[in-house]
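The next block holds one structure in the form of structure tokens; read it before the comments.
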There are 2 protein chains.
Amino acid sequence: MSSTSASAHTYNGGSRQQGSSHRRRGMISMKDIANQAGVSIGTVSLVLNGKTENRVSQKTSEKVLQIAKELNYEPNAAAKTLKMRKSNTIGFLTDSIGSSPYAGTILLGAQDAARKLGYVLLMVNTNGDRRLEKQVLSVMRGYQPDGYIYALMFHQKVTVPSQLEGIPTVVVDGEDQRGLVPSYFPDEFSIGYDATTRLAQAGCQRIAYIGSPQGIVAEINRYEGYRQALADAGLEFDDHLVVHYEIEELGDNEAAAARHLISTVQPDGIFCFNDQRAAVVYDAARELGLAIGRDISIVGVDNEAIIASLLIPRLTTVELPHYAMGYQGVLRLVAQMDGVEALRPLVASDPYAATVLKQMDMQAVSLRCELLEKESVA
Amino acid sequence: MSSTSASAHTYNGGSRQQGSSHRRRGMISMKDIANQAGVSIGTVSLVLNGKTENRVSQKTSEKVLQIAKELNYEPNAAAKTLKMRKSNTIGFLTDSIGSSPYAGTILLGAQDAARKLGYVLLMVNTNGDRRLEKQVLSVMRGYQPDGYIYALMFHQKVTVPSQLEGIPTVVVDGEDQRGLVPSYFPDEFSIGYDATTRLAQAGCQRIAYIGSPQGIVAEINRYEGYRQALADAGLEFDDHLVVHYEIEELGDNEAAAARHLISTVQPDGIFCFNDQRAAVVYDAARELGLAIGRDISIVGVDNEAIIASLLIPRLTTVELPHYAMGYQGVLRLVAQMDGVEALRPLVASDPYAATVLKQMDMQAVSLRCELLEKESVA
DNA sequence: CTGAAAGCGCTTACAG
DNA sequence: CTGAAAGCGCTTACAG
């Protein structure tokens, strides 16, 4: 908690920027345009919405457009929403903005897709608190978003709030428990498979897995991928090479645990559940005098920016598709709300759009993740 | 970029969740309540807005409230906005969601404050692109946010977009170039001062500063704080103890540079511009056989979660007030828009509210940052 | 090709 | 204490 100081470094910039009076800035309306153009409001509406075909003369149309531009007209979303029962707004619900560095990337992807499709994001954080979630959701509903993105902090099974029932919704970085709500999440199995296979290709014979508490989806499937890759590479599975850390029970001893693992079972390659673990393994290996990328190969998951900047040699890692999940999630949502035709304008320039269109019949879509080759693998 | 796979891990959850038909879910309106209660819509409005004083009987009031609750009534924000010319919406503009782990924390603070004051956040990312900013802003204006938060990725001077002129706006983690728009940002001078003073207190005689490219506000003021603290501690300033890295020109050599600095000028304490630099210094010190927290003391800035979890011994660091900036920024904005009375309900339970009220006459507010004591200082 | 009018769900004088 | 009515800025049959 930081207190506030009115120190020498606080200065007063002079006069107040704006009064608290509620002078309505001259938001100009169709009426203004109609007056200036000498036509009716209805005509202005037609023109501004491009519905002039056989209904408005070329000349009138041009005049209206011209004046609208001069006046810097911006349609009043509230009026439009009220009349159309469509807000062109997407509710973005998340449990984790602020607690995860990745939430922002999902949001960015969602935002970019929304913008291209003419939507704006109403953002709300639930802190993972069901009671708060219910409260904010009911406020949000008043704004009548046309659909919702329900974004999680990491891949897990979730129950979508009942208030969203019947409203178009897409789960991102998570999976609807009941399999009814379309969900976009990383292909965890392939992450484990690709990482392990890469290590096997590098000639590793004793590939360890440093995992996560068991039970969460990401852990279960990455581990499966690890085992399948071993089998496909003709390597025998060895129980001793696997550890599923409970973060809590480890505390400061994660480093010690890593050292212990390395020195006792002597792996020549390690697939780490995430980059953070990989960073700890770096330290452990170094203390044991092992050269990473030569004596021992390491692969992480996340491509976490800060860790990436710190580790030497650079870490080979599997990147999680946060941006893609947010982006495709919104594409899917809009297709659901407005029909697949809504995506057509994008499809020529945007490979994601084509992908999403192909998957409209799948409720659960796993995104393949890319292995980024650096120098931590021999 | 991740491609998408329809692997064995993609399953079809069954029937489509919702049709694309636009059946309006029974958003119930005041009319519905009025009908059921046998009163007029106007009366319902009065009751639901708590304006019953001398205007509606206790009995009618209760009946209306009761029915509204049963029907799960949620006011239609679009209609209210249209009529009132007030959307109870705040536009949150940022250059960095997704590119900075801190943006989310600012957003979280803003969100929490907004919720308490009955506002909802309309979120928009500009990617630091002026053209895009202009475009998204004009769309956003259509939604008529009552005010704007203009949030930056790190403390810098900015020119607020001209489209925001005349609309209540608060800059967060940045400073309005012209000093006209209220701005909330970290007290950089104190960061440098407190960190350096802490090192001096620990008995350090040769305190180095590993900075950042010169020119940005954060660097200039932290450096000043460093120098002032040296002076106040009776320590002589030594040019050789200071380095202002240009990140770009350093690349992988940051570690080498740190090693070089430590071995040549032999500081016994180092104030690092941020935790990331501190992490590099950890490595360098260790390679030179120095025990951190004994042979050499280190202080960082940021309290970056991932780095904090990695460094041993734990890093003493100055925490940047991201949450507080977002929170207080919104408080200030609402006070600006709705008058200071709007904050009164909070003031009893919320120390931030009192603080903000005290600072209504300041355009630039620097927030004091907390030094978190860990074990990296002797 | 164009305009007048109704109506989306609210709030707020105004009349009673 | 209560209701009828106007109007916020749009869209869209409908009539001409």
Of D/dG9, C/dC8, D/dT12, the nucleotide closest to the side chain of A/Ser29 is D/dG9

Atom CZ of B/Arg55 and atom P of C/dA15: how far apart are they, to the nearest Å?
-> 14 Å

Across all strands, who's sitting opposite D/dA13 as a Watson-Crick or G-U wobble pair, both distances under 3.5 Å?
-> none

Separation of atom NZ in B/Lys31 from atom P in C/dC8, rounded to whole Å | 6 Å

Tell me: CD1 of A/Ile41 to P of C/dC1, nearest whole Å?
-> 22 Å

Under 4.0 Å between any heavy atoms, over every strand shown, what does B/Asn49 touch: base, sugar-phosphate, or nothing? Just pick one.
-> sugar-phosphate

Under 4.0 angstrom, heavy atoms only, what part of the nucleic acid is B/Lys51 near: base, sugar-phosphate, or nothing?
-> sugar-phosphate

Using a cut-off of 4.0 Å on non-hydrogen atoms, how would the nucleic acid contact of A/Thr81 be classed: base, sugar-phosphate, or nothing?
-> nothing

Distance, nearest 0.5 Å, that separates CD of A/Glu133 from CG of A/Leu164 = 8.0 Å

Regarding the side chain of A/Ser45, the nearest nucleotide among D/dT12, C/dT12, C/dT11 is D/dT12

Nearest-angstrom distance from the residue atom NZ of A/Lys80 to P of C/dG9 | 18 Å

Between C/dT2 and A/Ser57, is there an OP1 or OP2 to side-chain N/O distance shorter than 4.0 Å?
-> yes

Reckon B/Tyr73 has a side-chain N or O less than 4.0 Å from the OP1 or OP2 of C/dC10?
-> yes

Counterpart base for D/dA4, defined by Watson-Crick or G-U wobble contacts under 3.5 Å = none

If you check the B/Thr43 side chain, which of D/dG3, D/dG9, C/dG9 turns out closest?
-> D/dG3

Integer-rounded Å distance: C/dT11 P and B/Arg85 CZ = 15 Å

B/Val39 has its side chain closest, among C/dT11, D/dG3, C/dG9, to D/dG3

